[in-house]
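This report concerns only the one structure given below.
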There are 2 protein chains.
Amino acid sequence: MTVAPKISYLDIKEIVLKRIKNFTWAPGSIMPGEIELATEFGCARATVNRAMRELAEDGYIDRKRKAGTRIKSFPTRKAKFVIPIIRDEIELTGATYRYALINREFRDPPDWLRTQMTIPQNTPVLHLMCLHYADSKAFQYEDRWINLNAAPKAVDQDFEEMGPNEWLIKQVPFSDAEITFSTINADTQVADLLNVTVGTALVTLERITWFTNAPITYTKLYFHAGYQMTSRL
Amino acid sequence: MTVAPKISYLDIKEIVLKRIKNFTWAPGSIMPGEIELATEFGCARATVNRAMRELAEDGYIDRKRKAGTRIKSFPTRKAKFVIPIIRDEIELTGATYRYALINREFRDPPDWLRTQMTIPQNTPVLHLMCLHYADSKAFQYEDRWINLNAAPKAVDQDFEEMGPNEWLIKQVPFSDAEITFSTINADTQVADLLNVTVGTALVTLERITWFTNAPITYTKLYFHAGYQMTSRL
DNA sequence: TGCCTTATTATGTATAGACATAAAATCCAT
DNA sequence: ATGGATTTTATGTCTATACATAATAAGGCA
């Protein structure tokens with residue numbers, strides 16, 4: 001006799017997802033409860049629960065106590081982009097990573113920066129301009145501002161060898177951040193640095209980083225022409 | 001006597017995360033095992049397990065059987081963007097959504113599309129050009145291609161009232177997709193449609209959608225100037 | 001009819017115990 | 001030493017049971 005191998009929560013996810021895609025259970029309708037499914041699959045309710053919990057997380061179903069589980073009519077798809085360490089991103093393509101500091105300046109924060117970071121007028125900041133190369137090609141221009149009240153050790157760093165991101169991550173590896181993707185037409189400065197013609201459309205990524213509610217740093221990254229981000233969902 | 005309220009897996013997540021951010025456990029080091037933590041918190045191993053599983057999912061720790069759980073030196077941050085239904089995205093801003101079909105044409109697929117969608121040469125496709133308005137302002141231009149072998153019912157749709165995305169989602173609400181964010185300089189056609197000057201940098205989103213491994217549709221969305229996506233991580 | 005209280009119920013979480021599994025650590029024979 | 005087989009161990013998963021909780025449904029009263 002062959003023994004039926006025990007069903008896993010992954011199997012259940014797969015089966016249920018198939019039924020959803022099948023329209024076995026129509027979009028918008030209530031699907032069977034956990035106990036019913038557990039009986040059908042011959043497993044414990046906890047196993048079904050885990051499968052359903054993950055399907056809800058993936059945006060396929062809505063769950064509510066007492067009301068039951070409902071197939072979403074319009075599944076909420078979430079594109080997840082892993083924000084890579086730039087060195088890794090470049091080395092993954094087989095290219096050699098190189099970093100260069102272009103400028104380093106202590107100064108008062110400009111108004112737009114104070115608004116972005118919500119820091120008071122007298123906050124001392126360090127402004128860095130950096131370039132990241134893939135082989136000999138400019139891959140990304142980094143416009144970096146560091147709040148020196150929040151990260152006073154940055155004063156003693158010359159940032160000649162190590163990029164500010166790598167340095168900051170060593171100081172505070174775990175922090176909160178808000179990132180914004182957008183696009184701009186390259187101005188003369190950026191065009192020159194990234195070796196493109198003025199006006200070229202470039203992907204930009206802005207990031208504000210906090211550590212325990214104190215704004216530490218603001219960055220604007222300008223990617224090389226043709227940069228794109230892909231995600232499966 | 002006050003009874004200590006039972007600890008939840010969420011409490012554990014919080015406590016452990018605090019210790020990680022604290023450097024109580026150094027980045028790169030091994031942290032205590034599940035049994036040890038369960039003892040410390042006075043709860044079952046399963047409870048600790050769930051907390052740790054989610055922290056791993058969130059990119060803070062790495063877990064390996066036998067080897068134990070290690071604090072990541074470089075946490076992998078994932079930016080999650082919810083891909084909204086355009087009608088919802090526009091109506092959420094308080095504006096009125098309006099859709100307009102610009103052109104509809106049956107034709108053979110151009111070479112670049114066949115490459116993108118991996119469909120054979122003789123596949124009949126429907127090419128649609130659509131505009132999505134927020135109030136009277138052009139919000140997004142949609143360049144849509146539908147594989148008529150995969151979605152034959154599209155032949156009978158005039159797409160005058162309902163946009164192709166809404167229609168397709170009703171046909172197959174749950175499908176797989178690959179999306180790519182990028183940027184382009186507006187050409188004369190797009191500039192005209194979105195009412196910007198030629199060369200303006202625009203955010204674009206390309207999406208290929210499959211249903212049970214059959215490529216259904218390819219879209220390229222051109223957003224209005226100044227469009228940006230923000231995510232917290 | 002309408003409002004408030006109470007019961008019901010599906011999901012949410014916790015637990016102790018068990019077995020599975022991947023991978024490191026050890027041991028052994030060559 | 002070196003390669004291969006074996007043991008050990010931390011995480012991965014499943015089960016049966018229990019209680020918690022949110023939200024709907026039902027009941028009762030004015």
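Letters go in sequence order (proteins before strands), and every chain restarts at 1. Every value quoted in this text rests on a predicted model; they were computed, and no experiment measured them.
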Review point. What residues in residues 44-60 of chain A put a non-hydrogen atom under 4.0 Å from any atom of DNA chain D?
Key: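 A:Ala44, A:Arg45, A:Ala46, A:Thr47, A:Arg50, in order of number.
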Review point. Of the residues in residues 18-36 of chain B, which ones touch DNA chain D at a heavy-atom distance under 4.0 Å?
Key: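 Only B:Gly33, B:Glu34 qualify.
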Check your understanding: Where does the chain A footprint on DNA chain C start and end, counting 5' to 3' with a 4.0 Å heavy-atom cut-off?
Key ->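 Both ends considered, the range comes out as C:dT8 to C:dT13.
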Point to revise | Start and end of the DNA chain D segment that chain B contacts, any atom under 4.0 Å from a heavy atom | key: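 Listed 5' to 3', the contact boundaries are D:dT8 to D:dT13.
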Applying salt bridge (charged side-chain N to carboxylate O under 4.0 Å, His left out), name anything that partners [X], two or more places apart in sequence or on another chain.
{"X": "B:Asp176", "value": "A:Lys21"}
{"X": "A:Arg114", "value": "A:Asp111"}
{"X": "A:Glu142", "value": "A:Arg144"}
{"X": "A:Glu166", "value": "A:Arg87"}

Distance only, no hydrogens: is a donor on one side chain within 3.5 Å (strictly under) of an acceptor on the other, for [X] and [Y]?
{"X": "B:Arg207", "Y": "B:Thr219", "result": "no"}
{"X": "A:Gln140", "Y": "A:Tyr222", "result": "no"}
{"X": "A:Thr217", "Y": "A:Thr209", "result": "no"}

Review point. Taking the nucleotide of DNA chain D with the closest heavy atom to each, which residue, A:Arg65 or B:Lys66, is nearer the 5' end?
Key: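 Nearer the 5' end of the strand: B:Lys66.
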Practice item. Not counting sequence neighbours, which residues clear side-chain hydrogen bond (donor to acceptor under 3.5 Å, both in side chains) with A:Thr76? List them please. Key: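 Checked A:Thr76 against side-chain hydrogen bond (donor to acceptor under 3.5 Å, both in side chains); matches are A:Lys72.
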Which residues satisfy the side chain to side chain contact (heavy atoms under 4.5 Å, CB included) test with [X], sequence neighbours excluded?
{"X": "B:Pro32", "result": "B:Trp25, B:Glu36, B:Leu37"}
{"X": "A:Asp156", "result": "none"}
{"X": "B:Lys78", "result": "A:Val82, B:Glu57"}

Practice item. Compute the ring centroids of A:His132 and A:Phe139, then answer whether they are less than 6.0 Å apart. Key: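 Centroid separation for A:His132 and A:Phe139: 6.0 Å or greater.
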